Structures are given as structure tokens and as C-alpha cells.
Amino acid sequence: MTGECVWFEGIPFPSMEFPSEHLREVQEDFIIKDEDVLLLTYPQSGMNWLMETVCLIHSKGDPKWIQSVPIWERSPWVEAFSGYNLLKDKEGPRFITSHLFVQLFPRSFFKSKAKVIYLIRNPRDVLVSGYFFWRIAKFVKRPQSLEQYFEWFVEGNVVFGSWFNHTWGWMSMRNKENFLILSYEEMKWDTRSTVEKICQFLGKKLEPEELNSVLKNSSFQAMKENSMSNYSLLKGQYFEENGQLLRKGVTGDWRNYFTVAQAETFDKLFQEKMADLPQDLFLWK
Ligand code: PPS
């Protein structure tokens, strides 16, 4: 996997948008404000779904904002050069998105009261989703087969680093009151309750019809059809013409791709690496 990426503190990043001097500036100089809302995930965990949901909660279900401004401008990626520049000049409470490891995150955050939503997903589905995503992206070395990507993933030899280390690192914050952990699985299985949980965490009260509109406009189908959220605006430049970020949007798709041997290898690795965390954090079990 190495090759077409840049390294920062032992973690590989895509070669565009993430120069190491910029990542250092993000870590040391970016000021997180108490009123900011931070959306954090390992890649392919449902970040865009979370972003869309939070934006719709903010607009009380009114889809005007999500249908007129690209998702990456509504909640910019702090570690990406272009996202950082948007955020620096933004007034008032901000939505901030990131795939960064906890140790690379802006240091100012650890002294702030900013609210964090950390979304996790079954890493087996993250792996499969990532395999298809990186095959359509033009800015990283593409895996040639799922078998190859499986090897890269279990070794943590993928852009943005190891799922296991990312999850471990952020889970150390789990008992803080400004930190909410959600899973892609609970969002799928009971979207309404999860949206209510987010509202409560953010201190937002929605009327029933506003909540219904959040659910309707953040659904897989609605996002797939929304050019401000489906990344069709970046096709050609960053993604292949036939590429889809919104691929299937289901849980358990890994079962269609893993061999029995891969499933066993993954189970063993998961047990080794995650044994010391409370297992009820992992709802897909
Ligand atoms: S990224 O590029 O890392 O920010 O990607 P991310 O958004 O985290 O993850 C992409 C996967 O999330 C699925 N997705 C959704 N699932 C259900 N409902 C909605 N609304 C939704 N929006 C995005 C998307 O389909 C990717 O998962 P896969 O399994 O590949 O379909």
C-alpha cells in the first residue's frame, strides 16, 4: 500500500490534501472552540450519514441547506488542507469532521468542552466498504483484490492507519460527558432512536414532523440522489466516473466477501486487539 501516500507520525495519508507540515499545523495551531461539534470516525464507518443527519438536525429537518451546499463544506474535514482553510475563517459554532487518530487531533480540543460524536462500524464491513471505495478513488494506491486489501487492513497498512489503533485511541475518551459513541449498526437498526439520542446529546428539541424530515432526507436513497451529498460533484477529479460512495449501505455485507479462513483470522485478531475494551461497545457481535 505504501508508495502513493505521505507519512505523518507513523500514519499514512493520501498524497494530496495532507502534507505533513499542514498536519503538524492542524495538530498544534488549530483552535477548537467549546461550541464546536466534532464528528469523528475511522474511514468508511458512515461518516457522511452522520454528517447529513447532524446538518438536518441543525436545520430542524429543513433540507434547503443539505440540498444547496456540498457536504464537505457544511462539516469540513479539519485534516484536509481545503477543509482546514474553510474552518479557520468560519464564525460561530462549527461542525468539524475528522478521520484523525486521537494523538494527531488538534491539541486545543483536549482543553475544550466541544461535543464529540464518535461513530464506529463493524470493522469487517469497514474493510469491505473500504476495498470498494479505494478502488474508485484516484488519490491512493488501489488494491488489486479483496485478498490484498484484507492483508493491508489487518496489518494497519492503509491510509489513515489501523482501525484497531484508531478505535482504541478514541475509546479512551468514552467516559467523558462531551463524548457520545454511536455505531453504524444501531443507526441502521433503529435510526429514529439514534437520531433522538443525537438530538439529546446536542441539546436540540425537534417536533415529530421535523424528526420525520431528518429521517427522510438522510436516508440512503435520499443521500444517493442528493448531488450535494453523493460526491458526484467530485467525479472525474477525485473519483472514477462510475464510482459510488453510497454503495450498499447495509450491515453484515462482509459475509458476502470473506472466506471462512479470512473470517477466522479476523475474529482472532479482533479478540487479541480489542479484548480489554467492554465488548458491549461492539453492537454487531
Ligand atoms: S468516508 O469516505 O470515509 O467518509 O465514508 P463514510 O461516509 O464514512 O462511509 C461510507 C459508507 O457509509 C454508507 N452510507 C450510508 N449507509 C446507510 N445510510 C446512509 N444514509 C448512508 N450514507 C452513507 C455508504 O454506503 C458506505 O458503506 P458501504 O457499505 O460501502 O455501502
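Reckoned from all heavy atoms, side chains included, excluding hydrogens, waters and symmetry mates. Treat the numbers as computed from the prediction; the structure is a model and nothing was measured. Whatever order the structure lists ligands and atoms in, that order sets their numbers, starting from 1.
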N/O donor to acceptor pairs below 3.5 angstrom from side-chain atoms of residues 194-202, sequence neighbours left out:
| unit_1 | atom_1 | unit_2 | atom_2 | d |
| --- | --- | --- | --- | --- |
| Thr194 | OG1 | Glu186 | O | 3.2 |
| Thr194 | OG1 | Asp190 | O | 2.8 |
| Lys197 | NZ | Glu186 | OE1 | 2.9 |

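- Take Lys268 and apply the salt bridge (Lys or Arg N to Asp or Glu O under 4.0 Å) test, not counting sequence neighbours, and it matches Glu272.
- Listed as neighbours of ligand 1 are Pro43, Gln44, Ser45, Gly46, Met47, Asn48, Trp49, Trp77, His99, Arg121, Ser129, Phe133, Tyr184, Ser218, Ser219, Phe220, Met223, Leu245, Leu246, Arg247, Lys248, Gly249, each bearing a heavy atom under 4.0 Å from the ligand.
- Using a cut-off of 4.0 Å between Lys/Arg side-chain N and Asp/Glu carboxylate O, Arg74 and Glu52 are scored as salt-bridged.
- A salt bridge is absent between Asp89 and Arg94: the closest approach of a Lys/Arg side-chain nitrogen to an acidic carboxylate oxygen does not fall below 4.0 angstrom.
- For residues 162-184, the set of pairs meeting the side-chain hydrogen bond (donor to acceptor under 3.5 Å, both in side chains) definition, not counting sequence neighbours, comprises Tyr118-His166.
- The CZ atom of Phe18 sits 14.0 Å away from the OH atom of Tyr84 when rounded to the nearest 0.5 Å.
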